[in-house]
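A note on names: the letters A, B, ... follow the listed sequences, proteins ahead of strands, and every chain is numbered from 1.
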Amino acid sequence: MLVIGGLLLLCVIAMALAAELITPISPTRMSMRTRFSPPGSPLHPLGSDAIGRDVLSRLVHGARVSLRIGTFVVLAAGVAGTAIGALAGYFRALDGPLMRTMDALMAFPAILLAIAIAAALGPSEVNVVIALSAVYAPRTARVVRAQVLVLRDAEYVQAARVAGAGDAFILRRHILPNCTAPLIVQLTFVFAYAVLAEAVLSFLGVGPPPPTPTWGNMIADGRNFIREAPWITMMPGIAISITVLGLNLLGDGLRDVLDPRMQVAQA
Amino acid sequence: MAGYIAWRLVSAVPVILLVTLISFSIMSLVPGDPAAIIAGATATDAEIADLRVALGLDRPFLTRLVHWYGDLLSGDLGRSILLQRPVAEAIAERLPVTLALGAYALVLTLVFGVGLGVVAAVRQNTWVDQICMTVAVLGVSIPNLWLALLFVFLFAVTLGWFPTGGYVPFGEDAVGALVALTLPAISLALMQVGLLARMTRSAMLEVLRQDFVRTARAKGLPGWFVVLRHALGNALIPLVTVMGIILSLMISGTVVIESVFSLPGMGRLIVNAIQRRDYPVIQGGLMLIATALVLVNLVVDLLYAWLDPRVRYAD
């Protein structure tokens, strides 16, 4: 699982990095004479869309946007989730207020809250990252907190405390390093959710605005021509599925390697 | 048990209060003057000023919040700017569609999710297990939005077996209603089927390893009876806890699926409101959904504690 997932993800990353090498055509260049070219055309190997833009070019440039959004969401949700989870787990006085706030944020269906936040802030890539980070940071905080709660009372932590170590030192040196395994697994799944969510947000018009080549925008563009030109919708869907499948397999594999007892009950 | 129930009820109160506060504050995230943005570029100053009063934006945040809570207590969710009618009324009108779609998808989720998980666990490490788990991981990886469009292309446009969208009320034509909801329900269920199948499998494997299962087999009970009665009965208990997650995922899903299949449900109402910045509907819709989910999770927790007494004493 680990290997297959890693390979799938590497393919997507390579595709994103080598976008210009794969096709020299600009993802936003229109050409009315070659609209709706089917896949296999000499100019457009994966076809062209309703205004003659190259599907392959939009696909590989869309990979960049998806991976960029995923990376920044993982970083932001990871940092914020770790900080909140560590504080709530370590300091009993903070646990109630912090975790009840996280519970309230998690009470909203994830995608629905992300749509509402992104729409309020205005459609842009940065706002998609902010919305998804706000949605997935609480879920990350819960994972970190659970781990910190266990470690806080571990004997080696008590020993460090008796030896005169301060709270900040114990957290940084003894507790957080032991949270990395569940955190890495959790963030792999957060990356997968972010890629799926980008598609929904763009599809509903609250993601990076057109003509930005994103997979969600491509699905939205192709939707009205699904009869005449199904490839416009099919290609980005396959790309999303491969990326998310790769991340899910990677997450499952990492979980089995890092901690076989850990359960995922995150959504 | 009474102590546990009381503790769970009390701890839900601050969460519900925070949920209503977050729902209300969404409009404050709009940069600049929300009234000007909601009214659009072509609005005159007088229209913007009217809208500001209608939204209560001429008053300070705290005053508005207190008013909102007061209205909530009397069952008033405000008035939609777009539909020119009470939010509660608009939601009540759309709710049956979403409930019908959700119930259909939930049945599919439980039957196929639990089914795939049980079969995979009983046939652990065989090709049957591998097929079930491949279906499950694909289920959580394929975007439901895309799957829905794929279904429309294959089964509605190309083969003509199902309508491409639209809603038929159950009262008028029960069979037609089921047919019209079949593609949406399958697209909506897939992700939760995958999730539940994976969880059922690991819960079943856990139980199948235990002594009482071996005892049941040893005393000569038929294999299927042991699997269904002894193993599944116990494996279902931890699965109760994921019902909240499954419902939450399904509500996120209805937002998308109702848009793809043009179903006049609550999800589409909220998406339209979000796209056209009808904030009273957004605030009321988010608040209702999140509060309902908090209550569902509360019931799930109490049910779990009732089924498994160890939980009550852990906290």
Is [X] close to chain A through its backbone or its side chain, or both, or neither, when contacts mean heavy atoms under 4.5 Å?
X       : result
V140(B) : both
L145(B) : side chain
V15(B)  : both
P143(B) : both
L247(B) : neither
M250(B) : neither
S23(B)  : both
V296(B) : neither

Inset, instruction - Could you tell me whether the side chain of W146(B) and the main chain of I219(A) form a donor-acceptor pair under 3.5 Å? - result: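 Such a contact is absent between W146(B) side chain and I219(A) backbone.
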Legend entry - Toward chain B: residues of residues 2-13 of chain A with heavy atoms under 4.5 Å: none
Given heavy-atom pairs under 4.5 angstrom as the criterion, report whether the side chain, backbone, both or neither of [X] touches chain B.
X       : answer
N248(A) : side chain
A116(A) : both
I238(A) : both

Inset, instruction - Decide yes or no for L293(B) and P109(A): does some side-chain heavy atom of the first lie under 4.5 Å from some side-chain heavy atom of the second? - result: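 Yes - at least one pair of side-chain heavy atoms lies under 4.5 Å apart.
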Legend entry - Partner chain B: residue of G237(A), G96(A), G216(A) with the largest heavy-atom pair count (under 4.5 Å): G237(A)
Legend entry - For chain A, which residues of residues 151-158 of chain B have heavy atoms nearer than 4.5 angstrom: F153(B), V157(B)
Legend entry - Euclidean distance, I16(B) CD1 relative to R100(A) CZ, rounded to 0.5 Å: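 So the gap between those two atoms works out to 12.5 Å.
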